Amino acid sequence: MKVIVVGSSHGGFETVRGILAEHPETEIQWYEKGDFLSFLSCGMQLYLEGVVKDVNSVSYATPAGMRSAGVHVFVKQEITKVDPAAHTVHVIDHAAGTERDEDYDKLVLSVGALPASLPVEGHDLQNVYGMRGRDWAIKLKAKTVAPEVKDVVVIGAGYIGVEAAEVFAKAGKKVTLIDVLPRVLDLYLDKEFTELLTSEMIKNNIYPATGQTVKRFVGQNGKVKSVVTDQGEYPADLVIQAAGIKANTAFLKDVIELDDHGLIKIDDYLQTSDKDIYAVGDATLVPFAPTAQNNRIALATNARRQGRIAAKNIFGAAQPMTTVSGSSALSVFRYHFASTGVKTGTSVKLGVETKSVLVKDTVQPPFVSLEDGNAEVWFKLTYAPSDGRVLGAQILSKRDVTANINVISLAIQQKLKVTDLAYADFFFQPGFDRPWNIINIAAQKAAIQLK
Ligand code: FAD
């Protein structure tokens with residue numbers, strides 16, 4: 001069997017690893033159009049803040065390492081056409097300046113996405129950047145230490161935008177964080193949490209400008225100078241666009257079925273409209289556990305699970321993609337938060353009726369004071385009022401208690417109810433937590449509300 005894998009990020013990497021683990025005799029050709037294999041955008045903030053020094057170490061595979069495992073690795077080689085009938089792909093070798101066709105038995109596409117560029121006047125000015133991949137990482141790093149960059153505007157107050165804002169605020173820049181949505185991290189956290197984080201941002205030189213629509217970028221001598229919204233104008237020596245992504249699927253139009261957003265249509269087994277072509281990662285939708293509908297949730301975790309499952313299914317395993325809950329975590333200066341599933345803020349859009357309980361507690365028992373290292377913790381549990389099924393949760397603290405959210409993710413996937421969590425067995429150690437884990441406490445409150 002000859003398998004061609006396109007794209008070397010999370011989805012492509014995990015597909016290749018999965019094939020090597022279970023079918024090492026396979027002939028694998030692995031293509032990456034960029035000049036670097038498997039850059040880890042998730043690690044970009046650590047590099048930009050100087051925690052990780054070498055940009056090339058922000059990766060999980062090297063061409064030499066993968067070749068020694070028997071994989072034919074092609075970097076700077078782009079797949080520009082697919083012919084499903086002939087079972088061939090067209091390859092442009094950007095390094096050698098040559099072109100060729102390659103045949104396959106199975107093709108796995110993990111072509112991912114690029115930062116979306118806002119379709120407004122001035123979007124092509126100099127110093128309007130994106131934040132994804134190694135090339136942008138290197139350019140952004142240079143701007144963190146550029147003395148002429150004083151004002152930074154980040155567009156998009158989701159995960160990536162908040163990471164970008166924090167990087168530049170820590171680098172001493174004044175940052176404006178614009179979003180069309182009414183709150184920062186609106187899709188990840190409810191108001192109780194974003195209010196805390198908004199004041200934490202303002203204390204640290206990030207000024208949220210939410211509920212605003214970007215109208216144009218104003219330039220001077222070809223360089224961006226300010227960003228105009230429907231409510232104001234913000235000075236900008238650098239703009240970072242983090243308001244959504246666009247799938248790299250233009251070359252697949254009329255080859256396999258795409259949806260209106262250019263995402264590749266796949267079934268539960270990650271198979272596209274052509275039976276020998278599979279697709280994974282940010283260019284696809286994933287099954288969202290709380291609603292059992294397919295959603296766009298661009299996370300490495302999802303791409304990795306899909307890659308592993310695609311690697312089985314191309315050999316006939318017929319394993320459906322596991323449902324996911326969009327679990328994610330992030331730090332905003334002193335705070336760490338994580339969330340999963342449905343929030344009050346996303347419930348209407350998802351068409352789900354919800355009820356929630358909010359618990360404010362301390363991580364350790366009260367006999368450990370805040371001065372002695374205890375920390376406050378906020379936890380919100382969201383459930384279905386009809387039957388108490390767990391639908392989502394959010395947690396925030398100055399202590400890293402984010403891993404609690406993984407329990408809720410599993411509870412959602414396993415269709416557990418708040419009554420299942422109320423007395424569930426979780427450890428107690430006063431150095432770490434309280435006799436009743438905060439999940440127990442919230443679930444007990446929810447169970448009373450349900451009665
Ligand atoms: P991509 O990462 O988009 O990669 C696709 C690859 O395919 C690219 O290298 C591209 O050059 C190549 N390619 C595309 N078309 C072709 C072609 N025709 N021929 C050859 N090669 C091609 N997720 C998390 O779970 N946790 C995090 O902490 C997290 N942090 C993030 C931080 C940042 C700043 C960003 C930008 C993303 C973060 N994500 C995180 C999301 C995560 O990076 C993506 O979900 C993941 O990278 C998706 O992987 P993918 O394989 O679909 O595609």
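Side chains are part of it too, since the values below use all heavy atoms of this structure and drop only hydrogens, waters and symmetry mates. Nothing here was measured: the structure is a model prediction, and the numbers come from that model. One-based numbering, in listed order, for ligands and for the atoms of each.
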- [ ] Could you tell me the separation between the OG1 atom of T194 and the CE atom of M201, rounded to the nearest 0.5 Å?
- [x] 9.0 Å
- [ ] Specify side chain, backbone, both or neither for Q77, according to which of its non-hydrogen atoms lie closer than 4.0 Å to ligand 1.
- [x] backbone
Task: Non-hydrogen atoms of T340 and K343 that approach each other most closely - done: O-CE, 4.0 Å
TODO: Nearest 0.5 Å please: distance from the CG atom of L238 over to the CG atom of L140.
DONE: 6.5 Å
Task: Polar contact flag, side-chain donor to acceptor under 3.5 angstrom, Q77-R100 - done: yes
- [ ] Answer whether the closest heavy-atom distance between the side chains of L20 and M66 falls below 4.5 Å.
- [x] yes
Open item on the list: Using the ring pair (Phe, Tyr, Trp, His ring centres under 6.0 Å) criterion, which residues pair with F288? Sequence neighbours excluded.
Closed with: none
TODO: Show which atoms of ligand 1 fall inside a sub-4.0 Å distance from at least one heavy-atom site of E32.
DONE: 6 (C), 7 (O), 8 (C), 9 (O), 10 (C), 11 (O), 12 (C), 20 (C), 21 (N)
Task: Nearest non-hydrogen protein atom, atom 18 (N) of ligand 1 - done: I79 O, 2.9 Å
Task: Top protein contact for atom 25 (O) of ligand 1, by heavy-atom distance - done: A300 N, 2.9 Å
Open item on the list: Considering non-hydrogen atoms of the protein only, which is the closest contact for atom 14 (C) of ligand 1, and what is the distance?
Closed with: V111 O, 3.1 Å
Open item on the list: Using a 6.0 Å distance limit plus a 45 degree cone around the ring axis, check whether R134 lies over the aromatic ring of F39.
Closed with: no
Open item on the list: Using a 3.5 Å cut-off on N or O atoms only, is A113 in polar contact with ligand 1?
Closed with: yes
Open item on the list: Can you see whether T344 engages D190 through a side-chain donor-acceptor pair at a distance of less than 3.5 angstrom?
Closed with: yes
Task: Shortest protein contact, atom 20 (C) of ligand 1 (heavy atom only) - done: K33 N, 3.3 Å
- [ ] Would you mind telling me if ligand 1 is within reach of the side chain of N248, the backbone, both or neither, using heavy atoms under 4.0 Å?
- [x] side chain
Open item on the list: For atom 26 (N) of ligand 1, what's the nearest protein heavy-atom neighbour? Residue, atom name and distance, please.
Closed with: C42 SG, 4.0 Å
Task: For G112, the ligand 1 atoms whose distance to one of its heavy atoms is below 4.0 Å - done: 1 (P), 3 (O), 5 (C), 52 (O), 53 (O)
Open item on the list: Counting non-hydrogen protein atoms only, what is the nearest one to atom 44 (C) of ligand 1? Give residue, atom name and distance.
Closed with: D282 OD2, 3.2 Å
Task: Part of S41 with heavy atoms under 4.0 Å of ligand 1, whether side chain, backbone, both or neither - done: both
- [ ] Would you tell me which option among E78, H10, R132 has the nearest heavy-atom contact to atom 1 (P) of ligand 1?
- [x] R132
Open item on the list: Could you identify the single nearest non-hydrogen protein atom to atom 17 (C) of ligand 1 and state the distance to 0.1 Å?
Closed with: V6 CG1, 3.6 Å
- [ ] Examine the side chains of T229 and Q212 and answer whether a donor and an acceptor come within less than 3.5 Å of each other.
- [x] yes
Task: Protein heavy atom at shortest distance from atom 4 (O) of ligand 1 - done: S9 CB, 3.1 Å
Open item on the list: A cation-pi test, strictly: NZ or CZ of K106 under 6.0 Å from the centre of the six-membered ring of Y278 and no more than 45 degrees from its axis. Yes or no?
Closed with: no
Open item on the list: Just to be sure I read this right, does ligand 1 sit under 4.0 Å from the backbone of F39, its side chain, both, or neither, counting only heavy atoms?
Closed with: neither
Task: Subset of ligand 1 atoms that lie under 4.0 Å from at least one heavy atom of F251 - done: 18 (N)
Open item on the list: I'd like to check whether G11 has a polar contact with ligand 1, where a contact means an N/O of the residue lying under 3.5 Å from an N/O of the ligand.
Closed with: yes
Task: Option whose closest heavy atom lies nearest to atom 51 (O) of ligand 1, chosen from S110, A242, G281 - done: S110
Task: Residue pairs fulfilling ring-ring contact (aromatic ring centres under 6.0 Å, His included) with at least one residue in residues 5-34, sequence neighbours excluded - done: H10-Y60, F13-Y60, H23-F315, Y31-F74
- [ ] Give the atoms of ligand 1, by number and element, whose distance to some non-hydrogen atom of L299 is under 4.0 Å.
- [x] 23 (N), 24 (C), 25 (O), 45 (O)
- [ ] Using a strict cut-off of 4.0 Å, indicate which atoms of ligand 1 neighbour a heavy atom of G7.
- [x] 6 (C), 7 (O), 12 (C)
Open item on the list: What I'd like to find out is whether the side chain of Q241 reaches to under 4.5 Å of the side chain of V128, using heavy atoms alone.
Closed with: yes
Task: Under 4.0 Å to a heavy atom of E163 - the qualifying atoms of ligand 1, by number - done: 32 (C), 34 (C)
Open item on the list: Within the 4.0 Å heavy-atom shell around A298, which atoms of ligand 1 are there?
Closed with: 41 (C), 45 (O)
TODO: Count the heavy atoms of every other residue, nucleotide or ligand shown that sit under 6.0 Å from CZ of R399, and state whether that count exceeds 12.
DONE: yes
Open item on the list: Salt bridge or not between D259 and R296? Use side-chain N to carboxylate O under 4.0 Å.
Closed with: no
